[in-house]
Asks: 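After the structure tokens below, expect a handful of questions from me.
Keep in mind that the numbers below use all heavy atoms, side chains included, and drop hydrogens, waters and symmetry copies. Chain letters run A, B, ... following the sequence lines, proteins first and then strands; every chain starts at 1.
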Amino acid sequence: MNFIEEIIEKDIENRKNDAKVHTRFPPEPNGYLHIGHAKSICLNFGLAKKYNGLCNLRFDDTNPVKEDVEYVDSIKEDIQWLGFQWAEEHYASDYFEQLYIWAEDLIQRGLAYVDDQTQEEISAGRGVPTKPGTESPYRNRTVEENLDLFRRMRAGEFADGTKVLRAKTGMSSPNMHMRDPIMYRILHTAHHRTGDQWCIYPMYDYAHGQSDSIEGITHSICTLEFEVHRPLYDWFCEALQIHHPQQIEFARLNLNYTIMSKRKLMQLVQEKHVMGWDDPRMPTICGLRRRGYTPQSIRNFAETVGIAKRDNIIDVSLLEFCAREDLNKVATRTMAVLDPVKLIIDNYPDHQTEELNAVNNPENPEAGTRIVPFTKELWIERADFREEADKKFFRLTIGKEVRLKYAYIICCTHVDKDENGNITAIHATYDPATKSGSAESNRKVKATIHWLSVHHAKEAEIRLFDRLFDSSAPDDNEDGTSFIDHLNPNSLIVQHGWIEENLTLENAEPHYQFERIGYFCVDKEATPQKIVFNKTVSLKQ
RNA sequence: UGCCUUGUUGUGUAAUGGUAGCACAGCAGAUUCUGGUUCUGUUUGUCUGGGUUCGAAUCCUAGCAAGGCAACCA
């Protein structure tokens, strides 16, 4: 049980909020969701589910300059794909009128004032954390004057940046957020939902808590950097005398070998370092989806990393473990040869084709079996043969035996080479008595390798992804480098390999395990003419 | 150098005054027609110093370290 669950269970025990739990996930629609958001989504929706409560989706859309419907749509898609459904869909912008009414109320009660200072003057007046700030010369305007000015701000009489509405919290708090914080700024910018209805927009601090309050949120969960905002959150709820949700902060997710800043992810997309927000190397939810991660694996990951208040950097190997753990259960097995070399079974009849049975998923007998054709000429993985094998190598080498999966035990005899010494073909003989499933098939061999019939295999493009950055902390700029400097030049390698003939775009399963290689899924760019696979994650080595 | 928060194996996370546990990673072995899976075993830890207590990761105290905060961003 994490510390938030402890708080909630105590609240339920004390019948706080009538023992109800109502959370919310409050993204700003200014970018795509990433794995860090997934942690927050799983937390908020998970808590609601665990305690028979509700979880809303609320877009924190108070800054029209950065926000767009494109992001609203992608956020909704990603949350649903992760397997969650919100109780209510809201937008902070739906509350603009209520927020405005409350602002006038605060003015009338002498708790807010219009300030004509420039941005620089306000910043200077705020002072520094170690010393109190100074009061604005406009701080003591009359209620009437403030009301008149604020109404004219709304009416559009003033230019951007010429006036703001500030709360009167005092100028000497050691918490900088409590030094007469700005509530409204003038922004003659169209909003993606309210159009040009407004030219003043509330700040986060004057919108978030109130939105929570309006929706009857009981536990307002956010990340650590909002800790210093909590006194303000509380101040507004108390000043307005409205339902007061409890803000609780937890540590955001950090993953090594990647970055999590929306701004920087946006830069990768805009500067075309990646194919887009859904590039399989991106830590975005849509990127992970395209990469072949299952929603279950991401939920498991979010559960496994836990919830606490200390800063953390999770090892990507945990994410990969979660992917393998789930994929092992659900992925359809198939044989694929990524880096082919020809294997010729010299003593196998020239024009014979045998139909062999292959298991679709050993973890799930219900997945059944399929037929794979076996012939004299096969593709095998170049790495499965070595001329000079050490003690640790127990696959194919001259004079040694291996089993061809679902087929026969073969013994390597010799190899053909071109003038440069590169192996062009490997020759072997097979033992007909060792056919899989036959009475004498139980002879032990050191290894089993996968293969494909040259005459039947189909070509496919296979995209092998590695981590996007070659530094475990690409965002650490202490040496003067930027995350762009740490991009891994080998993060995408495109190979043209061979797949089983029965695997087509039309009948493709959502997830495959290429036996002995890794987990793969069909990419959205695949066509019936050219099927394209993405590597999700390799098998454990 | 003001205020807030946080320090538990390599990485995360439990233990709420009573045997420092779990997961990942690592290592070793068993099984295996995937060097996968599964199973077994195993290395490594309470930031430091004092104090309270029969007993401290936990309480007190003094340090130290890390992170956050001085946007008309969220």
Asks: Dot-bracket for RNA chain B, please, read 5' to 3', with Watson-Crick or G-U wobble pairs under 3.5 Å on both distances, ( ) within the strand, [ ] crossing, | other strand, . unpaired.
Replies: .((((((..((((....[..)))).(((((.......)))))....(((((..]....))))))))))).....
Asks: Can you figure out which of B:A14, B:G12, B:U34 approaches the side chain of A:Thr448 most closely?
Replies: B:U34
Asks: What's the closest nucleotide to the side chain of A:Phe393 if the choices are B:G35, B:G36, B:A74?
Replies: B:G35
Asks: Taking donor-acceptor contacts at under 3.5 Å, does the side chain of A:Arg324 reach the base of B:G36?
Replies: no
Asks: Would you mind telling me which of B:G36, B:A74, B:U11 lies closest to the side-chain atoms of A:Asp315?
Replies: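 Per side-chain heavy atoms of A:Asp315, the pick is B:U11.
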Asks: Is any N or O donor-acceptor pair between the side chain of A:His229 and the base of B:A74 shorter than 3.5 Å?
Replies: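 Yes.
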Asks: Which value, in whole Å, describes the distance between the P atoms of nucleotides B:U37 and B:C24?
Replies: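 Straight-line distance between the two P atoms is 11 Å.
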Asks: Would A:Lys405 and A:Glu515 pass as an ion pair if we require N to O under 4.0 Å?
Replies: yes
Asks: Hey, what do you get for CD (A:Glu320) to CG (A:Asp315), rounding to the nearest 0.5 Å?
Replies: 8.5 Å
Asks: Check A:Pro245 against A:Asp212 and note the closest heavy-atom contact, atom names and distance.
Replies: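 Closest approach of A:Pro245 to A:Asp212, heavy atoms only: CG-CB, 3.7 Å.
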Asks: From C-beta outward on A:Ile314, which listed nucleotide comes closest to its side chain: B:U34, B:G12, B:C72?
Replies: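 Nearest to the side chain of A:Ile314 among the choices is B:G12.
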Asks: Is it true that A:Arg252 and A:Glu225 have a side-chain N and a carboxylate O under 4.0 angstrom from each other?
Replies: yes
Asks: Let me have a per-nucleotide readout for nucleotides 2-7 of chain B, 5' to 3', with B, S or -, counting only protein heavy atoms under 4.0 Å.
Replies: BSSSSS
